[in-house]
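By convention here, the first residue in the shown sequence is residue 1.
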Amino acid sequence: MYYVADFETTTVEPAKIWAVGMCEIENINNFVHFNNITEYINYCTKLKNPIIYFHNLKFDGEFIIYYLLKNNYKWVQTRNEMQDNTFTTLISDLGVFYSIEICLKKDVKGHRTKKIVFYDSLKLINMPVRVIAKKFKLPILKGDIDYGRHNTECEMTETELNYLKNDCQIVAMALKRLFELNLNKMTIGSSALADYKKDLTKNEFNIYFPQLDLQTDSEIRAAYKGGYTYCNPEKSGKDVGEGFVLDVNSLYPYVMSCKPLPFGAPLKFEGKYNNNSEYPLYIQNLRCFFKIKQNHIPTIQLKNNSSFCSTTYLTSSVNKNTGIDELVDLCLTSIDLDLFFDHYDVQCIEYINGYMFRSSVNLFSEWVHKWTAVKINGEKTGDFGMRTTAKLAQNNLYGKFSTNPLTRSKKPILLDNKIKYVDVLYNMTDSDGNPIVDENGNIMQCNTTVKDSLYIPIGAFITAHARYITISTSQKIHEESLKKYGFSNYCYSDTDSIHMLGNEIPNYINVDDTALGAWKVESHFKRARFIQAKRYIEDVIIDADKTEMNIKCCGMPGSCYKYVTWENFKIGETFEGKLVPKHVEGGIILEETSFKLKQKFI
């Protein structure tokens, strides 16, 4: 049986659970609640191998782990090691929680006959509970309570009970919709992948997306980059007037549906790529000097190069620390390489090597169109759960192909009566799988393990095509407005959106509210201030007499937004309301601190 649960906890140490709620996903009216974790775990042990979702297992899961370690449950590294009263976890090196599994009973054949599994629903629906209720247009909404009232002993009120019940039922109703559409793996990415693979035989999948060795994966992975986020330095920190925001309709699904993408075993080449009709896509390693062309926006970031800031789009290969023009190494897809030559004057090019690929525009087209039809059907029938689920599936498949085969994990320990997370260590083996031992005969260990990758070229080219669309449109706006007005209307880009001045939509931009890959007008703003990448504020026009402040600030939690005004949204200002987790006896508390809007190094 599948359930959704939620803990309500005190806000001072020692951390305590004052309420637990849980409802069945298939029958949300089957709701139970408890006053402490002991009663709750005892109840769960009486269920038949329940699978229980918490929305943000990183928080609630620490209370479970604390309880287990204090009650003589032993952590083990793998399921194969599990015995009675043991548990295992899946926690990344960055502290991302995926699962906690408790083995209560194991039979003589080694089967875990009685177990409890906890998953994180946030990995399936990556949005707050309040937003889930609105996006899925559920009949109930998330409420509000005084989170500090139970720092001293008191009875739960009916309002608090309804709040707890709603939190569980909102997530349960949303998960039920995902499960009905067969998206029921641990994450939305793995769910989308499983759905995609249903239409292929295992052999077909392996032909299209063969397993790459670790070195090949690593060399191709250097060309894998994220979305294009850039603030026009001419507008940075300045108040600008009226404008509007353009968004691409389903940018990544659009790319997957019709753009040429790589498949099959890559061929390595030395030097410069030569045109090859069988292998038209390629990744090129090169070394060069470069300088931005006049009236062009930059497209190049340098990762893993200490001479340059990794988040800065560069106007030249000059090291700002030394003032010396340096030969730099680049690893670019053929899509990014075209942009590079369009936007920069390039000198002293040395072509080193690269990989080339077969190409197809049909790898994902049917799958994308299938989910587009689901999304449209949801809109027509008013089933917004169906619509939201379809968007989740479409937007999360490509990332799964880019999963890094080198992984690290954390394990929980109890230290000074608090939970601490330390590296999981793995036995080192040679290429034949034999243990590697030191001079004393002890098996050597490290904190990294290797798992099967999928096919990183897919991720590299999907993101490259997406960047090309956003950058080329941004450049066109920038260049054409300079010619027409003598100044640039281009303000800001972020992955699939462009913010520009004026009220006139340029005729060279394909605008359509619904067509896949077309641009649509997302909003109009009366004024705006773009500070840096992912840091801006806009007075969005709601109607003729009303505007609403839209705040985007990387690093600033939503709890700080109520303290933001037009006047104080500046570098150096401090905002109250930031909550940071603190590991304490019993679990976690959220301590209030402040957020300072600091200048990013560029």
Side-chain angles (χ1 to χ4, degrees), residues 225-247 292 296-303 305-316 318-323 470-471 474 477-478 481 487-502 522-541 547-581 590-602:
K225 301 170 177 65
Y228 184 72
T229 304
Y230 181 69
C231 178
N232 184 348
E234 294 176 9
K235 313 296 184 188
S236 179
K238 301 174 183 176
D239 287 6
V240 298
E242 287 190 56
F244 58 96
V245 181
L246 293 168
D247 272 9
I292 197 76
H296 281 69
I297 60 176
T299 68
I300 291 295
Q301 291 177 322
L302 290 180
K303 309 290 185 181
N305 186 327
S306 59
S307 298
F308 300 88
C309 177
S310 63
T311 58
T312 299
Y313 282 97
L314 302 176
T315 56
S316 76
V318 173
N319 183 332
K320 287 188 177 180
N321 297 323
T322 64
T470 301
I471 292 172
S474 300
I477 292 168
H478 177 60
S481 57
F487 60 86
S488 177
N489 275 345
Y490 169 66
C491 296
Y492 180 80
S493 302
D494 191 349
T495 309
D496 61 353
S497 67
I498 297 174
H499 303 238
M500 64 178 292
L501 300 179
E522 182 68 20
S523 62
H524 290 265
F525 54 83
K526 187 175 182 180
R527 57 178 177 170
R529 184 186 304 143
F530 302 94
I531 295 179
Q532 287 176 317
K534 296 190 179 294
R535 292 180 166 187
Y536 63 87
I537 187 171
E538 294 171 330
D539 259 347
V540 176
I541 298 171
T547 63
E548 189 174 279
M549 198 156 58
N550 178 37
I551 305 162
K552 298 294 180 190
C553 187
C554 178
M556 180 191 285
S559 53
C560 294
Y561 285 8
K562 60 186 176 182
Y563 301 106
V564 174
T565 65
W566 190 268
E567 290 71 27
N568 69 12
F569 191 71
K570 298 175 183 176
I571 297 294
E573 291 287 338
T574 299
F575 303 90
E576 299 303 316
K578 182 178 180 180
L579 299 175
V580 294
L590 299 176
E591 281 195 326
E592 186 164 334
T593 183
S594 59
F595 172 84
K596 186 171 184 178
L597 190 52
K598 298 178 181 178
Q599 181 78 34
K600 288 184 181 178
F601 174 75
I602 57 173

With rounding to the nearest 0.5 angstrom, report the [atom1] to [atom2] distance, [X] to [Y].
{"X": "S307", "Y": "L302", "atom1": "OG", "atom2": "CG", "answer": "9.0 Å"}
{"X": "R527", "Y": "M549", "atom1": "CZ", "atom2": "CE", "answer": "9.0 Å"}
{"X": "I471", "Y": "I297", "atom1": "CD1", "atom2": "CD1", "answer": "6.5 Å"}
{"X": "I531", "Y": "Y492", "atom1": "CD1", "atom2": "OH", "answer": "11.0 Å"}
{"X": "I477", "Y": "N489", "atom1": "CD1", "atom2": "CG", "answer": "8.5 Å"}
{"X": "K596", "Y": "C560", "atom1": "NZ", "atom2": "SG", "answer": "14.5 Å"}

Inset, instruction - Evaluate the side-chain proximity of T229 to Y313: yes if any heavy-atom separation is below 4.5 Å, no if none is. - result: no
Inset, instruction - Would you mind reporting whether S523 and V245 have side-chain heavy atoms less than 4.5 Å apart? - result: yes
Inset, instruction - Would you kindly say whether S493 and S474 are connected by a side-chain donor-acceptor distance under 3.5 Å? - result: yes
Test salt bridge (charged side-chain N to carboxylate O under 4.0 Å, His left out) applied to [X] - qualifying residues, sequence neighbours left out:
{"X": "D247", "answer": "none"}
{"X": "E522", "answer": "K520"}
{"X": "D494", "answer": "K534"}

Inset, instruction - Go through the steps to decide whether Q532 and C231 satisfy the test side chain to side chain contact (heavy atoms under 4.5 Å, CB included), and finish with yes or no. - result: CA-CA 6 Å; Q532 287 176 317; C231 178; 5.5 Å; no
Any idea which heavy atoms bring [X] and [Y] closest together, and the distance?
{"X": "Y228", "Y": "P298", "result": "OH-O, 2.8 Å"}
{"X": "G227", "Y": "T495", "result": "CA-OG1, 4.1 Å"}
{"X": "T470", "Y": "D496", "result": "OG1-CA, 4.1 Å"}

Inset, instruction - Could I get the full list of ring pair (Phe, Tyr, Trp, His ring centres under 6.0 Å) partners for F244, not counting sequence neighbours? - result: H524
Legend entry - Steps toward side chain to side chain contact (heavy atoms under 4.5 Å, CB included) verdict (E576, S594): CA-CA 4 Å; E576 299 303 316; S594 59; 3.8 Å; yes
Inset, instruction - Give the intermediate values and the outcome of side chain to side chain contact (heavy atoms under 4.5 Å, CB included) for residues Y490 and M500. - result: CA-CA 5 Å; Y490 169 66; M500 64 178 292; 5.6 Å; no
Inset, instruction - Output yes when a side-chain donor or acceptor of Q301 lies under 3.5 Å from a complementary backbone atom of T311, and no otherwise. - result: yes
Legend entry - N/O donor-acceptor pair under 3.5 Å between K235 side chain and S488 backbone: yes
Legend entry - Summary of side-chain hydrogen bond (donor to acceptor under 3.5 Å, both in side chains) pairs that have at least one residue in residues 553-573, sequence neighbours excluded: D239-W566, T565-N568
Inset, instruction - Using a cut-off of 6.0 Å, state whether more than 12 heavy atoms not belonging to K552 lie near its atom NZ. - result: no
Inset, instruction - Might you confirm whether atom CD of E592 has over 12 heavy atoms from other residues, nucleotides or ligands at distances under 6.0 Å? - result: yes
Legend entry - Geometric class of the F575/F569 ring pair [parallel <30°, tilted 30-60°, perpendicular >60°]: tilted
Inset, instruction - Could you label the plane-to-plane angle of the F530 and Y536 rings as parallel, tilted or perpendicular, counting under 30° as parallel and over 60° as perpendicular? - result: tilted
Legend entry - Partner residues of P581 under the side-chain contact (heavy atoms from CB on, under 4.5 Å) criterion, sequence neighbours left out: I588, L590
